[in-house]
Amino acid sequence: MLVSRETIRQILSSYEPRKIKIATICSHTALQIFHGARQEGIKTVGICTEDRRRIYEAFPLGCPDEFLVVDDPSKIPAGELADMNAILVPHGSLVEYAGSRLASLRVPMLGNRESLQWEADRGKMFEWLKAAGIQVPATLEPDKIDRPCVVKLAGAKGGRGYRVVSTPEEFYEHFEGMNVTVQEYLIGVRAYPHYFYSPIHKDGFRVAEGRLELIGIDRRFESNIDEAYRTQMAGLSFTPSFTVVGNELLVMRESLLSDIMDMGKAVVEAAERLFGGIPGPFCLETVVDENLQFYAFEISARIVAGTNIYPQGSPYTIYQWKEPMSMGRRIAREVKLAAKAGKLPKIIY
Amino acid sequence: MLVSRETIRQILSSYEPRKIKIATICSHTALQIFHGARQEGIKTVGICTEDRRRIYEAFPLGCPDEFLVVDDPSKIPAGELADMNAILVPHGSLVEYAGSRLASLRVPMLGNRESLQWEADRGKMFEWLKAAGIQVPATLEPDKIDRPCVVKLAGAKGGRGYRVVSTPEEFYEHFEGMNVTVQEYLIGVRAYPHYFYSPIHKDGFRVAEGRLELIGIDRRFESNIDEAYRTQMAGLSFTPSFTVVGNELLVMRESLLSDIMDMGKAVVEAAERLFGGIPGPFCLETVVDENLQFYAFEISARIVAGTNIYPQGSPYTIYQWKEPMSMGRRIAREVKLAAKAGKLPKIIY
Amino acid sequence: MLVSRETIRQILSSYEPRKIKIATICSHTALQIFHGARQEGIKTVGICTEDRRRIYEAFPLGCPDEFLVVDDPSKIPAGELADMNAILVPHGSLVEYAGSRLASLRVPMLGNRESLQWEADRGKMFEWLKAAGIQVPATLEPDKIDRPCVVKLAGAKGGRGYRVVSTPEEFYEHFEGMNVTVQEYLIGVRAYPHYFYSPIHKDGFRVAEGRLELIGIDRRFESNIDEAYRTQMAGLSFTPSFTVVGNELLVMRESLLSDIMDMGKAVVEAAERLFGGIPGPFCLETVVDENLQFYAFEISARIVAGTNIYPQGSPYTIYQWKEPMSMGRRIAREVKLAAKAGKLPKIIY
């Protein structure tokens, strides 16, 4: 059950704006989020199982000021966070752990929690991308598979369990009765631009009532597919898999910035029309073909792990900020400015 | 028609040296060039079509101080630039847009504009590389194609339209009557060192009358070839293409620095002999084989897009400069120092 | 012949602790080591053949304060270094050049020189990895080769001469009578975490009597295998080769940090049990499979070239240090702190 905007606004109205804390689960991009908050003078809360605490303590500048130790990270202690004056920052692991329960959490969250529902449901996600006028791969019914397709499991599972199939038979062999999506395989190279949409800034690249920023770009590094050519040369036969293991740096042709910014703009504008907007970070998972055409095959309506490459800022943020600006710090900066200006409800739900 | 050195020298002599501006077309490496100029206190002019202006305004620290809005970026307003006290910095897009007209532009340009003619004509380019004693792939006549070869279109087109062929028949099927070069396919990995040659510094790695610097190294990221292994695993049949989409970071074995510096040195010395030198940035497009032998298959006689990875300096500039040094900033620094020392004609033509 | 700890301790006791110098051979990671020492205020000595001196002078901030010019870099002038109050920092080239002679050098070395013997002997190396409880690829007798295997030459040769074989016949064709190891080929992607173990810090991620730090992660870039997919698409037939040409940046899923830190911890603890510990830098060469399981196929008991990506610090050191911290600087910092605290024998042998 989606908690109402009004309820969150009420909780938020009881917060002490100058003492806002930033909370998230200790995983995914938490080091960066805590580090960025520290740079902006914001206190942090790390939701953490006891055994992972030592990992974050090994990185003291990315370590939260306080740990909220839990037995089960899928059960986010919303009430405690609200009592701590904390805003929850959703990231990929948090979305995966909490799943549909996220919608009902009675704690203020950065961004628009409705966007996470549009991200989680691939049907809605494609509706959103199409409403933005962005080219997408064809989605096929299992019985109609007539070309190589990627079959994706529901949820943000980091690519685990994805598989390429070329016929209905192959599909049913592996995915009979499962909650999956079948997407046409696109020929090109992958590129993942990371955006930040701020409804409280009125300058720069204007979109809707605010400003769109490009924070960075990454490539995903997946096992075993991204060294499949090595394995293949070794004469081994194997099934390609797509488990995300890490991320790599990428800068793109400067002449593609028009398309990149315009795609981001269209996604924000479609979000405004469809479900009230998408303040904060998001990412488009794209393929660029040989004619430099972009196709988006996924959207992440929150911070992505590819931003972890750039805790000191990226080759794009350097043209926007004098200080090193990571996505984590950008989030904290937005919270700080919005709190000061009494505009937290614009970036929180 | 190549404008004479004397003409450019006369135009330059009318410039106010302490108020030199740096101008380029808003594309390719312009953000970096403007950002670097700003860091060095030099004003900038962005030649731009009206619709791209908003992209540069989205990156305020990489945005030019003034826009010179044009309808057609291939027609560079040389006279206006000269009136503005501006030096033109050529980059890949500028070379592609302006083509042979570059030679006749009556505006001072960074570097030696003759070098761009040697870059543009692949026959001359190979003459230059060979004069430098650098190993190159064999160039074949179409009728003599007896092994896998890359066919390259004339001009700096970022790899678009390149194709691998293995027989004369395959060649004629695709390139009959076109202005192309046929190069033997080299087995190894690509690496692109970025150099800066300064004729006004008398220390460091001495070459000709000046100093050679290694500014960075990149790998090109091309669609669809650089994820062809993924596509192939998906069982798709497709034609490999080589459109440059972006660039990735690379550091090379430190023991290879001897070869890298010596190749750069040889290129500068050959340029001195053949056409009066190559002050400023250049890049060697190389393949390194399994025996760590370098082969150069192309040379760029100006700033390359791979430098966009390093707007904060590279893992090589950090050993040369205390401040973050991008190629854009390096250019501006050279202009500033040359202007102060009355040596602009040494780095401008 | 391994020089005794007692002998080294005596030499070290004659050193002036406040004037310790850091020495290494001019190759591999020397720019970074000298640069880091300079940042920490420590003087440096570069062991160098005359012809390579100019390369290091081209990078003045990575250039040693003094050169010790030698004819043959495999003959390290231990006595002279001791007279200069210098500690030798071993790196990959130094290990390769000096080989078994390293053990007998009568000069204090950073780390535990016994660890280099365990690294050099692949049998011992696997004993060490297994003692640490880390999953490793199967090692096969040549006659028992029944699947694709990598055959590796003895020593730190940067991958040159490695080859994949699938049968005993193929093995004997290429490696008859040679000193090699046969390892099962692992399916997944490679990742190389760089660690630093400090026995003199008592906070952070506690291991043995000290602290373990993650300094960075890289991917190796090898010729011709890492562009084999390009060559293959061109229709060329060729033998894959594995010569390391350079290194690329990688950040890994934050949720893998537990495994990464625990592997490092286990390696340090096993080193303590087996041969008295491993103070200083080390690296695990791993493959991560589609189920996010790590397998280590090699260990480097000293600084690795992948750290050259991060002379300004990595996406991991930024969470540990306020100042830019490279591995080179980390080494120098440790030497400085140990010297101040009278604890040099803890990190030197």
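Below, each value reflects all heavy atoms present in this structure, side chains not excepted, and no hydrogens, waters or symmetry copies. On a predicted model such as this, the values are computed, not experimentally measured, just so you know. Chain A is the first sequence line, chain B the second, and so forth, proteins listed ahead of strands; every chain is numbered from 1.
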Counting heavy-atom pairs under 4.5 angstrom with chain B, the leader among L249(A), L292(A), D226(A) is D226(A)
So, the part of R230(B) with a heavy atom under 4.5 Å from chain A: the answer is both
Does the side chain of H91(B) come under 3.5 Å of the side chain of T24(B) through a donor N or O and an acceptor N or O?
yes
What part of Q312(B) lies closer than 4.5 angstrom to a heavy atom of chain A: side chain, backbone, both or neither?
both
In terms of heavy-atom proximity below 4.5 Å to chain B, should S166(A) be classed as side chain, backbone, both, or neither?
side chain
Are R333(A) and E323(A) within salt-bridge range, i.e. N to O under 4.0 Å?
yes
Check whether more than 12 heavy atoms from other residues, nucleotides or ligands sit under 6.0 Å from atom NZ of K202(A), and answer yes or no.
yes
Which of the residues V150(A), V189(A), D289(A), D203(A) is involved in the greatest number of heavy-atom pairs with chain B at under 4.5 angstrom?
V189(A)
Counting heavy-atom pairs under 4.5 Å with chain B, which one of V287(A), T239(A), V288(A) comes out on top?
V288(A)
Between Y310(B) and L250(B), which heavy-atom pair has the shortest distance, and what is it?
OH-N, 3.5 Å
So, the part of S314(A) with a heavy atom under 4.5 Å from chain B: the answer is backbone
From CA spacing to verdict: side-chain contact (heavy atoms from CB on, under 4.5 Å), H194(B), M327(B)
CA-CA 9 Å; H194(B) 323 141; M327(B) 185 65 94; 4.0 Å; yes
P281(A) side chain near T307(A) side chain, heavy-atom distance below 4.5 Å:
no
Compute whether any side-chain donor of one residue and acceptor of the other, for S300(B) and E285(B), lie under 3.5 angstrom apart.
yes
Top residue by heavy-atom pair count (under 4.5 Å) with chain A, among E57(B), Q232(B), Q32(B)?
Q32(B)
E254(A) and Y56(B): side-chain donor and acceptor closer than 3.5 Å?
yes
Tell me, side chain or backbone of R219(A) under 4.5 Å from chain B's heavy atoms, or both, or neither?
side chain
Under 4.5 Å to a heavy atom of chain A? For A228(B) that would be neither
Residue selection (most heavy-atom pairs with chain A, distance under 4.5 Å) from L236(B), I309(B), N308(B)
L236(B)
Residues of residues 257-272 of chain A near chain B, each having a heavy atom less than 4.5 Å away:
L257(A), S258(A), M261(A), D262(A)
Interface residue of largest heavy-atom contact number with chain A, from A305(B), A30(B), G235(B), under 4.5 Å:
A30(B)
Parallel, tilted or perpendicular, as decided by the 30° and 60° cut-offs, for the rings of F242(A) and Y162(A)
tilted
Which portion of V164(A) sits near chain B, non-hydrogen atoms under 4.5 angstrom
side chain
Between G188(A), A191(A), P324(A), who has the most heavy-atom pairs with chain B when the cutoff is under 4.5 Å?
G188(A)
Given heavy-atom pairs under 4.5 angstrom as the criterion, report whether the side chain, backbone, both or neither of E222(B) touches chain A.
backbone
Salt bridge (charged side-chain N to carboxylate O under 4.0 Å, His left out) contacts in which one or both residues fall within residues 236-247 of chain A, not counting sequence neighbours:
none
Note: M252(A) and Y316(A) closest approach over all heavy atoms is N-OH, 2.9 Å
D218(A) bridged to R220(A) by N-O distance under 4.0 Å:
yes
If we ignore angles and hydrogens, is there a donor and acceptor under 3.5 Å between the side chains of T44(B) and D65(B)?
yes
